[in-house]
S.K.: 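Quick one: the structure is below, questions incoming.
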There are 2 protein chains.
Amino acid sequence: MVVQQASGGKLVYRFSEGDASMAALLGGKGSNLCEMTRLGLPVPAGFVITTQVCRDYLAGGYTLPEGLAGTVRERIVELERAIGHQFGSPANPLLVSVRSGARVSMPGMMDTILNLGINDEIVEGLGAMMGDRRPAWDAYRRFVQIYSEVVLEAAPEPFEECLAAHKSRAGIELDYQLTAGQLQAVTADFKDIARQAAGTAPPDDPWEQLFGAVEAVFRSWNNPRAIVYRNQYGIDHDMGTAVTIMGMVYGNLGPTSGTGVLFTRDPSTGRREVYGEFLSNAQGEDVVAGVRTPEPLAALAYSMPERSEELLRLADNLEKHYRDVQDVEFTIEQGRLYLLQTRNAKRTPLSAVKTAVDMVREGMIDREQALRRVDPEEITQLLVPQFAADLTPGELAQRLAATGAGASPGAASGKACFDADTAEDLARRGERVILVRPETKPDDIHGIIAAAGVVTSRGGVTSHAAVVTRGLGKPCIVGCEGMQVDLELKEMSGNGHIIREGERLSIDGALGQVYVGELATVNPRLEDLPEANVLLGWADGARRLGVMANADTPADARQALAMGAGGIGLCRTEHMFLDPNRLPAVRQMLLNSEAAEEWRRRHGDRPVNLEEPGIPEGVIRFHEALGRVRRLQTNDFRGILRVMSHRPVIIRLLDAPLHEFLPPYDELLTELATRRGQLSVGPGLAAGPAAEELAEKEAFLQRVDSLRETNPMLGHRGCRLGLSFPYIYRMQVEAIITAGAQLLSEGVAVNPEIMIPLTVDAEEMRRLRAALTEVAAEVQGRMGVEVHYKFGTMIETPRAALTAGAVAGESEFFSFGTNDLTQMTYGFSRDDAEGKFLRNYINEGVLPGDPFASIDRDGVGQLVRLAVDAGRKARPGLEIGICGEHGGDPRSVAFCHEAGLDYVSCSPFRVPVARLAAAQAALNDD
Amino acid sequence: MVVQQASGGKLVYRFSEGDASMAALLGGKGSNLCEMTRLGLPVPAGFVITTQVCRDYLAGGYTLPEGLAGTVRERIVELERAIGHQFGSPANPLLVSVRSGARVSMPGMMDTILNLGINDEIVEGLGAMMGDRRPAWDAYRRFVQIYSEVVLEAAPEPFEECLAAHKSRAGIELDYQLTAGQLQAVTADFKDIARQAAGTAPPDDPWEQLFGAVEAVFRSWNNPRAIVYRNQYGIDHDMGTAVTIMGMVYGNLGPTSGTGVLFTRDPSTGRREVYGEFLSNAQGEDVVAGVRTPEPLAALAYSMPERSEELLRLADNLEKHYRDVQDVEFTIEQGRLYLLQTRNAKRTPLSAVKTAVDMVREGMIDREQALRRVDPEEITQLLVPQFAADLTPGELAQRLAATGAGASPGAASGKACFDADTAEDLARRGERVILVRPETKPDDIHGIIAAAGVVTSRGGVTSHAAVVTRGLGKPCIVGCEGMQVDLELKEMSGNGHIIREGERLSIDGALGQVYVGELATVNPRLEDLPEANVLLGWADGARRLGVMANADTPADARQALAMGAGGIGLCRTEHMFLDPNRLPAVRQMLLNSEAAEEWRRRHGDRPVNLEEPGIPEGVIRFHEALGRVRRLQTNDFRGILRVMSHRPVIIRLLDAPLHEFLPPYDELLTELATRRGQLSVGPGLAAGPAAEELAEKEAFLQRVDSLRETNPMLGHRGCRLGLSFPYIYRMQVEAIITAGAQLLSEGVAVNPEIMIPLTVDAEEMRRLRAALTEVAAEVQGRMGVEVHYKFGTMIETPRAALTAGAVAGESEFFSFGTNDLTQMTYGFSRDDAEGKFLRNYINEGVLPGDPFASIDRDGVGQLVRLAVDAGRKARPGLEIGICGEHGGDPRSVAFCHEAGLDYVSCSPFRVPVARLAAAQAALNDD
């Protein structure tokens, strides 16, 4: 982190001194409180310590800047005047909240301390002022716990156990059933717990409490879960948090008090109706933590109709003011409404898209704003799997284990896991897991990221699990009250079913239903999402980059078209070779390819007549298999070209090393050694079938061994194979041109482009181009049809990029293979790096992000720019695209736009993401 | 190959029209014949067809340009006038030779046709003119054979068998014992052989013969052995050959005729005395092919003293004229001397160095010329191994199998091979081989390149084997007349010994002695080579680049100093870890490193007190091993730093992936599977020692497996390890600084530089620098000694080069690791590429050369230049060098000079090469 110089600027802002534009300095929460104050809304008085103070604090050895304490004291005095209570006064006490808030909202990731300014003496004055000792002692015991945890760094469990013990001793179930006297005893025990854990209880001096809390909030910027969260969302680690200090209001002062959360539109569906929850006689944290399940907001209209009406009116004003859906926290203290916070609402992708399109229609925002407002990543989440309709209602009912609130849509199946660490472990081993918890906490963030979905037995649709999963676009169900989760036994039960750790369950995050076992899923179709189509239509009008798809089959190609792809940017032929039905022919071809090459070298290029006497067995076997594979490939290409018709289809010739098509060496070795071991002690090792079989296997093992490579990534693959075994590429080109010619004869337009992988030097292209052009001409001549095609290369080695000028002399198009290019530029083997060191590099901030997820602008990006410049200089009008996985990553799409590429290509599923990202990149041009 | 446009220039030059400066157009041979003609030397009349005609011919579909035939006919008419004979005239016949000759001499690689212009009628006229039918028929039968082989592409063996059959029938042994009549019969049989092999005998029309020969010479430019030769010597494939046509003179017209070769100084030792061979009554090819063993040139002084004197005088003039040692071919025809060719002599490195230095002393050339004249590669060849003096003369005599002429110095041992293909095969499998042949031919070139040395039973010191091996710097013995070579039985015998294929022999190419079995060798020391030291001293004065050595041990370091290294540019620590005595401690350290890291993460950085209770076993084992390795490393570094004293020593911290220090997975897997197989049929699988042993091995296998990587080259190694397992680098830095501090205390100056491998991002350097600087400070504080050291990185990933500006911010020096940089820039795994496709790429000209041997200027070189620019801009005065194997390659050294590097570092053995190459690069600056 860069060391920040103390700014020397203003350290603290009154709510009346700021506005919504100052989020970078005052945090999102603080600047919005200022804005609301400015708008004359009922916000408790308060002030904000800037993010600059936080940055200075963290960079400067964890000491608060000079002058801060004095200013804070002055502001507190102003608060006292505004509210009419006094900080530290036992007779007329003022309590405050101390909240974190960065420019970007990170719900639950940093610390908040409520009820600050209390001690053994003040609590009684507070009770007197409230007219009830119970809420005063309740506030006090909450303060002691949260302060101990946040500032003194005590563990939370002993507090929870202590509270449970008190309740059980009192024979009650719910916290608010505890009497003032019982709460007083709890508070005393809490202080003992703090003393045991941290050597001291929270200080009695309110000022000491206040500055301790401010420092703790600053420190919480760098707590592990906040770092994980920022990595996950690509948030700058250097931003720092502001601290908002505000007079306390109380939702727990009896039946005319309460607290709640409101969304101005449905954050799940985007429907234009207010959506929220209310918990009477409670403080805000009860709602957010999901400990008690709140009532729908509608209930408020019955219990406090005037406050409900006021709330809805203010919320509507806020939405109009911010021109965006608002997420508002409010508290009613003995019949008086306070707004504690407003922010742009986190929503499901469905809701984000619908509200953006609706707001354009309502005239609230323009199309450009709508396009900017939807995160391209969200578009894919509209297309998350949903369960197929292949079970009868009766069967479904039988498998239903629990029902809760659908907090984040989508369907997922996986193995049940009951803690975040196990979920992360299993996911790392490639398992799909569903995280099941009574409730989730910020500490569980790594498990949530690893899981395919989350279920909690407690909490509402604004609880931690719900908010986080919506952001991640994963299905989530909360508040499954009929479901028991036993963390000791690691099992959940409900509706007569028990699901143990590792057993499969399925969840529908839209309906809120949990099923036993695995259910089949289907993918929703883009054409069934009208608002998304409208938005993407606007995007297509705004973007300059073309968007193509990577597709290897006719089904993929149809999917690509449905997603709006303008063509196929990468059709890989490996998968066609790996099809289990074809593998025997492919292996026969590969294992005899040396024999065939030897023959060709000696007898020249003329076609081999297999009927002639004297042709070696290997040559015959090779050509038989080659013919079979060619016929299959011709059909493959026919299918894809027919679907895409006049649109370009870029077909990459075989890239994978040959050993990928053979059985794994280790398995063969193990089998052979085991057999050898058996024969060494068993009978009859000598001659006979056993020995013969062994010799044959041994020979096969040696053939496979001869194709093994120390570093297959950098080995005999791509056009190196194309040059060593010319038959394979010739066969592929013959298949492509034959398929094209057949379709043209049938009146179908075709537009194939032939792509050579792994080029390092123009000479490779020159030779392959000469040889393959000849093949194409031969087929066209034979079939009497002219097939228009292009010939180009992938730029996926640093050298191809560095010598792109020469390579462009032999290529009509470039396609950056940024997966391999990233591997070679970093010297990171993706297979090895992810598990071994790359994850750590990213988590610990050695690298700012995963270069395989989002293109590395400094290194790989520099090569791309060099190659674009040199390529276009050598061949004006050179067609240039990208076909690595980066093609579907919004930040990489933005880079491709800036670097002047013609198109990006990505998986069909990510085509809509790329369309929107390309539009946003174009909007940012000015 | 680039298509050349027909030049439209002059196609043919008379000898009187050219001079020595026109070698590119007329070839070395042709331009020298022009020069000699210009000097008034006795050269037979002739003319030259240019290399441009050859290039046009090869590029233009193998047709001779318009106008060539007419011009050649005119020149032949001039020849007829000059010589007084007529081409195609039976009465007064003129015969010519048709010779190839490129700008660069490629002895024996292309074709030459002698005695052209002969047929059944003309031969008798020739006989009449010579006064003897025998030499006429001898010329004719030679012509028929060579023309059939070269132009008609018939195989040579049937001709040789036929000739042998005729001799045996006649009861004679030597060719020249055949009578005219017998030769006439041989000629008739040769024509039959040609008809059978090629469908036609050589044409009778002299003009048809002539143009057929010209085309064949052009085609021979692209014959396989010429391509291999050009690859071996890095000769441009696009140069083409000229054709020299010259009137024939005859050395086989009786006792006052003969032919020979002369060197103006000894090509083996460089001694200033004429050295040569003469074969009376013979044609030139008898000498060159080594079929008959010629006499020393001194013999000529007895037989023809006047001619001898004339020859020596002309040779001395030629040397003075060319200011270089000349290799002169001459023929005496019935007492008249003709010079047929002169060229700068191929010599042994010893001779090259001595003659260069001598000629400066003689005032013939200046120092710059001397420096340019010696090929840097030759310098290493001075340091080729020689046999140690550990056998008594008696023992040596017992093992002596044969004695011949020492044709190329050096000593080598290896397995006997009797054909070039076997030699190449065995060498590819890592064996050292000695090629043993009756004589070698141009077709054997691949076997000679593969062999460690060559022995022939026939031929002289100017035979094919001798010339080629001297160029390659390999030991060679020729003319071992007492030795029998049986190619059928694949064995050689001599002096009572028999050596069969695969058995070992040793050869001393200086003394010309062949021994049975393997003899120990020693490496000569540079300080014992006075002329080389003089020349390298001049080089040191001329060069700007520093020259350092790669050395891992004190012995290497002493060798480096002896070779003139200015410091250690790369001290690898892997080899220290791999020492078999240390491997157990290293393995113990590595296998427990995760446990130790886990402990460190939880307990912080303070030193671990192994006596404390509760420390896990793994942590204890790790720290015990770490301590052991640190003490050993401290001694390693003490040793090297002490040898190098004030000179810089760049120590690279551990680079290799951890699994390199563990047993190979395949071996463990095989062992375990075999054991499992045995237990599955053998008794007592259940519990007990066998099962326990199995479980233990299984666990170890899994640990080794967990460290395996798909692409280790791109895996968890270098500074990635340094960041994951900080203990290892800390230990190494502690050892370096401790060693330095100890030596300083003892009064020894030290200059260590700490180098971090495999950097991809400045952040890696920043973190490691911070952590390791702290370690260094701690050691210095503890020892109370200040050790000056630098901290820098290898640039060996493309990304490090592309982000060099930022990296330089954290590095005081760069060292290009061009081995890895080449691997990643090309995506070539060196382990895989060499055997699989790279060799083909080079042989077939896809790449112009091996990028691992000589740096790739276009790709890797571009990265180097980018990094040098950005690095120096960010940190003026940044120290930059190269430590890949390229550091010892003269062409790469030239690149490093041009790119502005500060030094190159290479193996000690190649330091003298680099010194001279650096001087040559500096001389080329203007």
Side-chain angles (χ1 to χ4, degrees), chain A residues 665-666 669-682 709-716 718 720-721 723-724 758 760-761 763-764 767 796-800 802-803 806 820 823-833 836-837 840-841 844-848 856 858-860 862-863, chain B residues 665-666 669-682 709-716 718 720-721 723-724 758 760-761 763-764 767 796-800 802-803 806 820 823-833 836-837 840-841 844-848 856 858-860 862-863:
Chain A
Y665 179 77
D666 287 358
L669 183 65
T670 306
E671 188 193 334
L672 192 67
T674 307
R675 190 84 193 96
R676 237 192 265 121
Q678 287 169 343
L679 286 174
S680 74
V681 288
E709 296 181 298
T710 315
N711 297 288
M713 171 69 214
L714 308 179
H716 196 178
R720 300 163 195 178
L721 275 181
L723 285 162
S724 326
L758 212 67
V760 301
D761 193 284
E763 181 64 14
E764 295 167 319
R767 292 181 184 216
E796 53 183 338
T797 64
R799 195 171 191 280
L802 291 164
T803 62
D820 277 13
Q823 295 198 76
M824 292 180 204
T825 302
Y826 277 89
F828 283 175
S829 164
R830 202 169 177 182
D831 291 330
D832 305 311
K836 303 233 175 194
F837 62 85
N840 280 343
Y841 259 44
E844 290 172 13
V846 179
L847 292 181
D856 155 44
D858 295 340
V860 177
Q862 196 180 145
L863 286 176
Chain B
Y665 179 78
D666 286 358
L669 184 66
T670 305
E671 187 192 336
L672 192 67
T674 307
R675 188 83 193 99
R676 241 194 260 120
Q678 288 170 341
L679 285 174
S680 75
V681 288
E709 295 181 299
T710 314
N711 296 289
M713 171 68 214
L714 308 178
H716 196 177
R720 300 163 195 178
L721 275 181
L723 285 162
S724 327
L758 211 68
V760 300
D761 193 282
E763 182 63 16
E764 295 167 320
R767 291 180 185 217
E796 52 183 338
T797 64
R799 195 170 191 280
L802 291 163
T803 63
D820 277 12
Q823 295 198 75
M824 293 180 203
T825 301
Y826 277 88
F828 283 174
S829 164
R830 203 172 175 180
D831 290 331
D832 304 312
K836 304 232 176 196
F837 60 86
N840 279 344
Y841 261 44
E844 291 172 13
V846 179
L847 292 180
D856 155 44
D858 295 340
V860 176
Q862 195 180 147
L863 286 175

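Throughout, a chain's letter reflects where its sequence line sits, starting with A, and its residues are numbered from 1.
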S.K.: What part of Q862(B) lies closer than 4.5 angstrom to a heavy atom of chain A: side chain, backbone, both or neither?
M.R.: side chain
S.K.: Give the minimum heavy-atom separation between L802(B) and G859(A), together with the two atoms involved.
M.R.: CD1-O, 3.4 Å
S.K.: Using a cut-off of under 4.5 Å on heavy-atom pairs, state which of G845(B), A800(B), G718(B), S724(B) scores highest against chain A.
M.R.: G845(B)
S.K.: Ignoring hydrogens, what is the shortest heavy-atom contact between P798(A) and M824(B)? Give both atom names and the distance.
M.R.: CD-O, 3.3 Å
S.K.: Under the side-chain hydrogen bond (donor to acceptor under 3.5 Å, both in side chains) criterion, do E763(A) and Y841(B) qualify, and how do the steps go?
M.R.: CA-CA 10 Å; E763(A) 181 64 14; Y841(B) 261 44; over 6 Å; no
S.K.: Heavy atoms only, distances under 4.5 angstrom: which of V760(B), T797(B), T825(B) has the most pairs with chain A? Name it, please.
M.R.: T825(B)
S.K.: Less than 4.5 Å to any heavy atom of chain A: does that hold for the side chain of L847(B), its backbone, both, or neither?
M.R.: side chain
S.K.: For D820(B), which atoms come within 4.5 Å of any heavy atom of chain A: side chain, backbone, both, or neither?
M.R.: neither
S.K.: Which one, L758(B), D856(B), L723(B), D761(B), leads in non-hydrogen pairs under 4.5 Å with chain A?
M.R.: D856(B)
S.K.: Work out which heavy atom in P712(B) is nearest to a heavy atom in T710(A); give both atom names and the distance.
M.R.: CD-O, 3.2 Å
S.K.: Tell me, for L721(A) versus chain B, whether the close heavy atoms (under 4.5 Å) come from the side chain, the backbone, both or neither.
M.R.: neither
S.K.: Looking at L669(A), T670(A), D666(A), which one has more heavy-atom pairs under 4.5 Å with chain B than the rest?
M.R.: D666(A)
S.K.: Tell me which of these, R675(A), E709(A), E796(A), has more heavy-atom pairs under 4.5 Å with chain B than the rest.
M.R.: E709(A)
S.K.: Any idea which heavy atoms bring R720(B) and Y826(A) closest together, and the distance?
M.R.: NH2-O, 2.8 Å
S.K.: From T674(A) OG1 over to R676(B) CZ, what is the distance, rounded to the nearest 0.5 angstrom?
M.R.: 6.0 Å
S.K.: Could you go through L714(A) and N711(B), starting from their C-alpha distance and side-chain angles, then the distance that decides it, and tell me whether this counts as side chain to side chain contact (heavy atoms under 4.5 Å, CB included)?
M.R.: CA-CA 8 Å; L714(A) 308 179; N711(B) 296 289; 5.6 Å; no
S.K.: For R767(B), is it the side chain, the backbone, both or neither that has a heavy atom under 4.5 Å from a heavy atom of chain A?
M.R.: side chain
S.K.: Heavy-atom distances under 4.5 Å only: say whether D858(A) touches chain B with side chain, backbone, both or neither.
M.R.: both
S.K.: Quick one: what part of E844(B) sits under 4.5 Å from any heavy atom of chain A, side chain, backbone, both or neither?
M.R.: both
